[in-house]
Amino acid sequence: MTAGFHVRNLDLGPGAPGGWDGPAVLAGHRALGQLLIVRPEFADVPVQARLLGEYASLMPLAGPAVLVTALASDALRLRRVLDDALNSLRQDL
């Protein structure tokens with residue numbers, strides 16, 4: 001059995017490396033979130049990378065997993081985008 005890891009480090013805003021410290025990085029949004037979804041079904045039915053609206057994307061990962069990354073104006077809207085992504089994946093299966 002093989003175990004996998006998803007390690008992510010994201011530095012934005014003051015103190016971040018040059019180019020990642022300005023307002024253009026988040027396109028004026030205040031919330032950034034990610035949802036890691038691991039499902040055995042993804043091994044049989046691979047998920048295709050796609051945009052989920054203007055500021056969200058779904059990316060397949062090695063193994064039976066996908067990563068949804070989204071920007072939103074606030075935490076409530078971010079939660080709605082991530083929930084919509086999860087519901088979309090459920091319908092695809």
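Side-chain contact between R39 and R90: present, with at least one pair of heavy atoms (C-beta onward) separated by less than 4.5 Å. Side chains of V68 and L82 form a contact here, defined as non-hydrogen atoms less than 4.5 Å apart. Residues V47 and V45 form no side-chain contact, since every pair of their non-hydrogen atoms from C-beta on lies 4.5 Å or further apart. Residues L52 and D84 form no side-chain contact, since every pair of their non-hydrogen atoms from C-beta on lies 4.5 Å or further apart. Inter-residue side-chain proximity for L58 and L67 is flagged as unmet; no heavy-atom pair is nearer than 4.5 Å. Between R50 and S88 the shortest side-chain heavy-atom distance falls below 4.5 Å. For the pair V38 and V66, the minimum side-chain heavy-atom distance is 4.5 Å or more.
Minimum interatomic distance between M59 and A49 (heavy atoms only, all atoms of both residues): SD-CB, 3.9 Å. Across all their heavy atoms, P64 and F42 have their closest contact at O-CD1, 3.6 Å. Considering all non-hydrogen atoms of both residues, P60 and Q48 come closest at CD-C, 4.4 Å. When all heavy atoms of A56 and A70 are compared, the closest pair comes out as CB-CB, 3.7 Å. Taking both residues in full, the closest heavy atoms of A75 and A31 are given as N-CB, 4.1 Å, listed atom of the first, atom of the second, then distance. Summarising the geometry of A65 relative to L36, their closest heavy-atom pair is CB-CD1, 4.4 Å, with the distance given to 0.1 Å.
Salt bridge D83/R79: present, at least one basic N to carboxylate O contact under 4.0 Å.
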Stepwise side chain to side chain contact (heavy atoms under 4.5 Å, CB included) check, D74 with R30: CA-CA 6 Å; D74 58 43; R30 297 178 48 97; over 6 Å; no
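Here the CD-CG distance, from E41 to L89, works out to 10.5 Å after rounding to the nearest 0.5 Å.
By the criterion of side-chain heavy atoms lying less than 4.5 angstrom apart, applied directly or through intervening Ile, Leu, Val, Met, Phe, Trp or Tyr residues, L86 is not grouped with V81; the two fall into different hydrophobic clusters.
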